[in-house]
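We count ligands from 1, going down the list as the structure has it; atoms in each ligand are counted the same way.
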Amino acid sequence: MKFTVFFVLFLVELIFKVSATNVVCYYMSTNGYGSVLPESINPNLCTHLNYAFVGLNKNGSLSYLNQDLDVKKNLFKRVSALKSINPDLKVLFSIASPIFTEVASNETKRELLANSAKEFLKTFNYDGIDLDWEFPKSNQTADYLNLLSDIRSVLGNKWLLTAALPSTPTAAYNATDIFKILDFANIMSYDYFGPWSSRTGQNSALFESSRDSGYEKKYLNVAIAAKNWIKVGANPSKINMGLPFYGRQFELKNSSIHGLHAPINGGGKRKAASFTIICRDYGNWTKVWDEEQKNPYKYLENQWIGYDDEESIALKTQHILSNKYAGVMVWHIGSDDVYGVCGGKNQTLLNVINKEIKNFNLKVEKI
Ligand SMILES: *[C@@H]1O[C@H](CO)[C@@H](O)[C@H](O)[C@H]1NC(C)=O
Ligand SMILES: *[C@@H]1O[C@H](CO)[C@@H](O)[C@H](O)[C@H]1NC(C)=O
Ligand SMILES: *[C@@H]1O[C@H](CO)[C@@H](O)[C@H](O)[C@H]1NC(C)=O
Ligand SMILES: *[C@@H]1O[C@H](CO)[C@@H](O)[C@H](O)[C@H]1NC(C)=O
Ligand SMILES: *[C@@H]1O[C@H](CO)[C@@H](O)[C@H](O)[C@H]1NC(C)=O
Ligand SMILES: *[C@@H]1O[C@H](CO)[C@@H](O)[C@H](O)[C@H]1NC(C)=O
Ligand SMILES: *[C@@H]1O[C@H](CO)[C@@H](O)[C@H](O)[C@H]1NC(C)=O
């Protein structure tokens, strides 16, 4: 009996060690000198730090999007230097470019991309590449797959290869095939409602609302986004679900009609607001917690915002953990309350995520 208990505990511990939860943090370099320099990030709160972004030259090689920040002010290396504080931290270059189409359809360019990526990784002491192609079209399935496999064959398994994927799978992705190549994928499970919508709604609700249309219930929440990807062949243990550290703001048509799915004139005075701005400057707005969607919204006069706070981020993290997905992805850590100006801890939301992961692991250990 005693032996069995020990054995089970041993197994539980073993499972834990192999299945560490990913906390993939996007670092927006242009935010750097604006507010968040690498040195103000606590690198123990992320497992992966994605440098957003690097671009592509016409011939396929990697390019600086902002050479002043990346190289002259040395942000590339100052980000990878955070590994000296957290030796387990992995640092990746996230590639975003309007010319993925031209590069992915040409074998020579794909190879140059892959080789140039490898040079970047070595030069700046990074651990991998994250592809943020927004988005391949349904007739580019083969190009997308070729791009991934060419990069993988140059990088081998020594370096990480990950991708940001849209919330809803499309024909551009053969999920079964791409998940065999990727180390993991970051699902952009946000931007569900915004100035482009016809009424108020959450940027990133965890669950559906009873007010949702059939289409909205099928696609526009974090829980269903994960299921949709798994249904088409994504490996659940390789998906990180995206958590936005910002909200989307609207102008109400009639300030006395301010619930979920209220009529709007379009985007608000701000189209989007970071968590810091919401917690610091929206104190006199009326806050409503939506128990169905597990997200808060706020309104003041004709302005309305759907967003994430400590509570919704905690519930989403729990959902991701209990479904045994790979982890969470955060866009982006610079919009967190990095300096604790709202009275919480520094990096308030990142701390919430880490606390939930720790609590979850303690609970499982007790079983
Ligand atoms: C690719 O283009 C970049 C920028 O124009 C250039 O610096 C680089 O030398 C080119 N690489 C090759 C292999 O042609
Ligand atoms: C691919 O790109 C190379 C130059 O990078 C060019 O010489 C070649 O013609 C291109 N191939 C096709 C099929 O467009
Ligand atoms: C692929 O589809 C897009 C529209 O989604 C179209 O503009 C493009 O010409 C198509 N490309 C090819 C090679 O058929
Ligand atoms: C994905 O590719 C595999 C071959 O690698 C093929 O068997 C499968 O049918 C493809 N899936 C879709 C949805 O096209
Ligand atoms: C705004 O909505 C309220 C409550 O439904 C209604 O009484 C009022 O007439 C509306 N105002 C306008 C300008 O439509
Ligand atoms: C709400 O607070 C902001 C400052 O945080 C202030 O500028 C604004 O006038 C206030 N609005 C109302 C209606 O109290
Ligand atoms: C929070 O951040 C500020 C500014 O970077 C720093 O001065 C302070 O020491 C930090 N507090 C903690 C508890 O880390």
Side-chain angles (χ1 to χ4, degrees), residues 29-30 51-77 93-124 126 129-157 159 161-189 218-219 224-239 326:
S29 61
T30 47
Y51 193 98
F53 292 102
V54 300
L56 294 176
N57 292 312
K58 284 198 160 47
N59 60 13
S61 65
L62 268 58
S63 73
Y64 306 113
L65 289 182
N66 191 330
Q67 195 157 2
D68 181 54
L69 290 177
D70 298 342
V71 189
K72 276 210 208 109
K73 296 200 168 104
N74 215 14
L75 286 190
F76 274 0
K77 280 200 172 161
F93 283 117
S94 191
I95 304 177
S97 171
I99 61 158
F100 266 120
T101 293
E102 289 79 353
V103 173
S105 60
N106 181 307
E107 190 181 351
T108 316
K109 294 181 182 180
R110 287 198 304 269
E111 264 165 30
L112 190 52
L113 189 163
N115 287 311
S116 154
K118 191 173 175 178
E119 285 309 307
F120 261 59
L121 296 176
K122 285 191 200 158
T123 307
F124 299 103
Y126 276 55
I129 293 293
D130 174 61
L131 285 187
D132 199 354
W133 177 355
E134 297 186 13
F135 295 99
K137 302 258 191 319
S138 57
N139 56 8
Q140 296 178 302
T141 317
D143 290 349
Y144 189 77
L145 194 60
N146 287 337
L147 182 61
L148 294 188
S149 46
D150 286 358
I151 298 175
R152 176 59 85 194
S153 39
V154 169
L155 297 187
N157 290 320
W159 281 286
L161 176 58
T162 71
L165 297 176
S167 184
T168 301
T170 69
Y173 307 97
N174 181 318
T176 315
D177 287 348
I178 68 176
F179 274 85
K180 277 184 199 148
I181 301 173
L182 293 171
D183 287 289
F184 54 73
N186 303 313
I187 312 289
M188 294 184 271
S189 42
K218 228 168 143 183
Y219 299 111
I224 201 74
K227 286 193 185 135
N228 288 340
W229 271 104
I230 293 163
K231 217 185 324 179
V232 296
N235 178 345
S237 67
K238 286 190 178 186
I239 57 174

Can you confirm whether some protein heavy atom lies under 4.0 Å from [atom], or whether none does?
atom                    : value
atom 2 (O) of ligand 1  : yes
atom 11 (N) of ligand 1 : yes
atom 14 (O) of ligand 4 : yes

Inset, instruction - Please work out which of the three classes, parallel, tilted or perpendicular, describes the rings of F120 and Y64, given edges at 30° and 60°. - result: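 Y64 vs F120 ring planes: tilted.
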Legend entry - Residue part near ligand 2, for K109, under 4.0 Å between non-hydrogen atoms: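 The answer is the side chain.
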Legend entry - T176 to ligand 4, any heavy atom closer than 4.0 Å: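 Judged by the 4.0 Å heavy-atom criterion, T176 does not count as contacting ligand 4.
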Inset, instruction - Mind listing the closest non-hydrogen atom pair of G55 and I95 along with its distance? - result: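 Between these two residues, the closest heavy atoms are O-CG2, 4.3 Å.
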Inset, instruction - Taking all heavy atoms of D70 and all of S29, pick out the closest pair and write down the distance. - result: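 Reported closest heavy-atom pair: OD1-OG, 4.3 Å.
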Inset, instruction - Look only at the side chain of S116 and the backbone of L62, and say whether a donor-acceptor pair between them is shorter than 3.5 Å. - result: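 Yes; at least one donor-acceptor contact below 3.5 Å.
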Legend entry - Main-chain N/O of N59 paired with N57 side-chain donor or acceptor, under 3.5 Å: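 Judged by distance alone, no pair lies under 3.5 Å.
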Legend entry - Atoms in ligand 4 flagged as close to N174, the criterion being non-hydrogen separation under 4.0 Å: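 Within the 4.0 Å cut-off of N174, ligand 4 contributes 1 (C), 2 (O), 3 (C), 8 (C), 10 (C), 11 (N), 12 (C), 14 (O).
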Inset, instruction - Please identify which atoms of ligand 2 are closer than 4.0 Å to at least one heavy atom of N106. - result: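 Those atoms are 1 (C), 2 (O), 3 (C), 8 (C), 10 (C), 11 (N), 12 (C), 14 (O).
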Inset, instruction - Flag the pair K137 and D143 as a salt bridge only when some basic side-chain nitrogen lies within less than 4.0 angstrom of an acidic carboxylate oxygen. - result: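 Looking at K137 and D143, the cut-off is not met.
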Legend entry - Identity and distance of the protein heavy atom lying nearest atom 4 (C) of ligand 4: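 Among all protein heavy atoms, the one nearest atom 4 (C) of ligand 4 is D177 OD2, 3.8 Å.
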Inset, instruction - Around atom 8 (C) of ligand 1, find the nearest protein heavy atom and jot down its residue, atom name and distance. - result: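 For this ligand atom, the closest protein heavy atom is N59 ND2, 3.7 Å.
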Legend entry - Ring-ring centroid check F179 Y173, cutoff 6.0 Å: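 No, too far apart.
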